[in-house]
Novice: 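Please read through the structure below; I'll follow up with questions.
Just so you know, these numbers come straight off a predicted model, no measurement behind them. Below, chains carry the letters A, B, ... as their sequence lines are ordered, and counting in each starts from 1.
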Amino acid sequence: MLLTRHLGELWRYRALVAALAGRDLKGRYRGSVLGFLWTFLNPLLLLLVYALVFSVYFRVQMEHYAVFMFTGLLPWIFFSQGLMEGSGAIVDGGSLVTKVLFPQQVLPAVKVVSNFINFLLSLPILLVFMLADGLRPGLTILAFPAVALVHVVFTFACVLVLCVATVFMRDTRHILGNLITLWFFLTPVLYPLTQVPERWRWLVYLNPAAVFSLSYQDALFWGRWPRWDHLGLLALFSLVILAVGARIFEHYKEYFAEKI
Amino acid sequence: MSSSPAIEVSDLVKRFRREMLVRDYGTWKSLLLRPFSRQRRRDLVTVLDGVSFGVNPGRTCAIIGQNGSGKSTLLKILAGIYKPDAGVVNVRGRVSSLIELGAGFHPEFSGRENVQLNATILGLSKKEIAERFDHIVAYSGLGEYIDAPVRTYSSGMYVRLGFSVAVNVDPDVLLVDEVLAVGDEAFAHKCEDKVNEFRRAGKTIVLVTHDLGAVEKYADEVIWLDGGCVAARGEPKPVIDAYRQKVAVQEDEIRRDQCVSAGELKQERWGDGDVVIEAVRVLDAAGQERAVFQHGEALTLEMDYRQTKPTEDLVFGVAISTAQGVLCYGSNTHIDRAELGQAPPRGTVRLAVERLDLVQGTYLLDVAAHDRDGRAYDYIKQIASFAVRSPVGDEGVFRPPHRWSLSPRGEA
């Protein structure tokens, strides 16, 4: 089957995915004085900025708001960065696309993996903040790997489609950048679900990013199990997009080298 | 070794959409407007048109041809980077392509890290990399620089490192695109050694290059691509000669166009006009106008003149000098004591040169009509230019017919 072949190739080239993701991660801060420390420093500083804006200026009336917001923000950064970088993976692949032969899905996969690792590396900071704020993560933290797995599959599936679209229509990236901003505010990251009028909540559940955000918040912040039904449906949905994405990718990949 | 060919290509066709060639990236806008534009949708350029050939295992095959003849496209199809639009391509065995050296090098990483990365990209397993790593580093000859970031490398170092990785992939089929031309002398020798080593080891090599000397040295067979078709195929010598001939003819046409405009010639003309040189032609042995000659060919100069006043002692002269202005040869009908008889009022003077023993280069031609004392009737400097092509790289201006020999001393 096409999907299994597609993923099988990816698996056979996992060493390359790892090597390129490592290049991305290590290369990002190479040459800077603080080096790899930036991987931790960046989310930390971001957290402080958001905490300043929403706790000091906007004075959001919610206990442990900074930690709450951070629980949703970190996965969102993974998701949005993954989409942005992933959609340009083929176009930015340069000589790796035009001059070397290997399964091209490696390139978008690398962007998802490297951003996911970045996400994982920022989790200790979240943990430190939780503890500093007097919060103890509950047992529900065990749901995290399941949520993260679905999240990665969903992100990769989207990226597969987007990176193909970007090859043929360079506008995709610019449109995507704006859409992501809109999507961010439509997703309960900065606000809890309870802020959404009851009438419109069903709409929130139609937003995959919202389901992820809520799941992370449940597991890490509220200390309750995520909505498995929503997550399960989303997992199925992700697989469907993945199958579609793989088909689109496989169909168009022969034109990549010519189009770039 | 199996007897089936290592590379089999039959009726290969490759087309590109023209908009790709002019880099018109598809945008939502162009996509939306396309139905309304007059540009036909299937505007295709055929880059390879029915190419067929086979290369047996252990043979070295060179692909030659002018720019845009489809050489690199063919190589990319062999490497599997492009898909053919029609036809069959079969490449048996592990392929390593020296199409791009150091693809995926990260400028901020050290040479050492990039070797790891590049080897992974080229499909080596962790174990294979570990085994070959020291050899790759040693082979690159970068010494202590191997731990410096690649962005600090000179382009030569960059290529050396990329080359070291690529050739240590241990391929069955090696595709080489013009990379041997970079790097210094020592690197060129290394490349040469490596290619020879591959040949001894019975690897199949496909080489794309403009260096016809290298082709003659390495290739067992040559494919000449012209306009996307195989123009000739076979033993190196005849194919290369045919190719050279074709290039010379084309060059000739271009040069002749330039000569008509005479843009680059700094023509000067003086004289009292009692005799006017009306036309000058440079002809080959067949009497055709030519601007490019092979060394040793016959050449004839023709001058049409007209006398506006009757003159007694008309002398015609010709001078050939290099593009740098060094006079190679100058003579006239008086010096040569040519017995031409009384010049008619209108006529054509011919100077037949049996052998053009000039070395490769561009030469400028001056012509003159003057009297015996040197008073010019019409003197034209740089009226025409012609080029001499030679497969030999000797220097100077003049090549006397010669031959080398060697004998022990004391005998004869």
Novice: Taking the side chain as every heavy atom from C-beta outward, state whether L176(A) and L162(A) have any atom pair closer than 4.5 Å.
Specialist: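 They are in contact (side-chain heavy atoms under 4.5 Å apart), so the answer is yes.
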
Novice: Where does Q116(B) contact chain A at under 4.5 Å (heavy atoms): side chain, backbone, both or neither?
Specialist: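 Interface part for Q116(B): neither.
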
Novice: So which residue, A15(A), G27(A), G93(A), A18(A), ends up with the most heavy-atom pairs under 4.5 Å with chain B?
Specialist: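 It is G27(A).
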
Novice: Take the angle between the ring planes of F249(A) and H6(A) and call it parallel below 30°, perpendicular above 60°, tilted in between.
Specialist: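 The rings of F249(A) and H6(A) stand perpendicular, inter-plane angle above 60°.
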
Novice: What I'd like to find out is whether the side chain of Y145(B) reaches to under 4.5 Å of the side chain of T152(B), using heavy atoms alone.
Specialist: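 SC-SC contact between Y145(B) and T152(B) ruled out.
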
Novice: With a 4.5 angstrom heavy-atom cut-off, could you sort out which part of K126(B) is near chain A: side chain, backbone, both or neither?
Specialist: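 Neither part; nothing is under 4.5 Å.
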
Novice: When you check the gap from the basic side-chain N to the acidic O, do K111(A) and D24(A) get nearer than 4.0 Å?
Specialist: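 A salt bridge links K111(A) with D24(A).
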
Novice: Using heavy-atom distances under 4.5 Å, tell me whether V97(A) contacts chain B through its side chain, its backbone, both, or neither.
Specialist: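 For V97(A), the contact with chain B is made by the backbone alone.
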
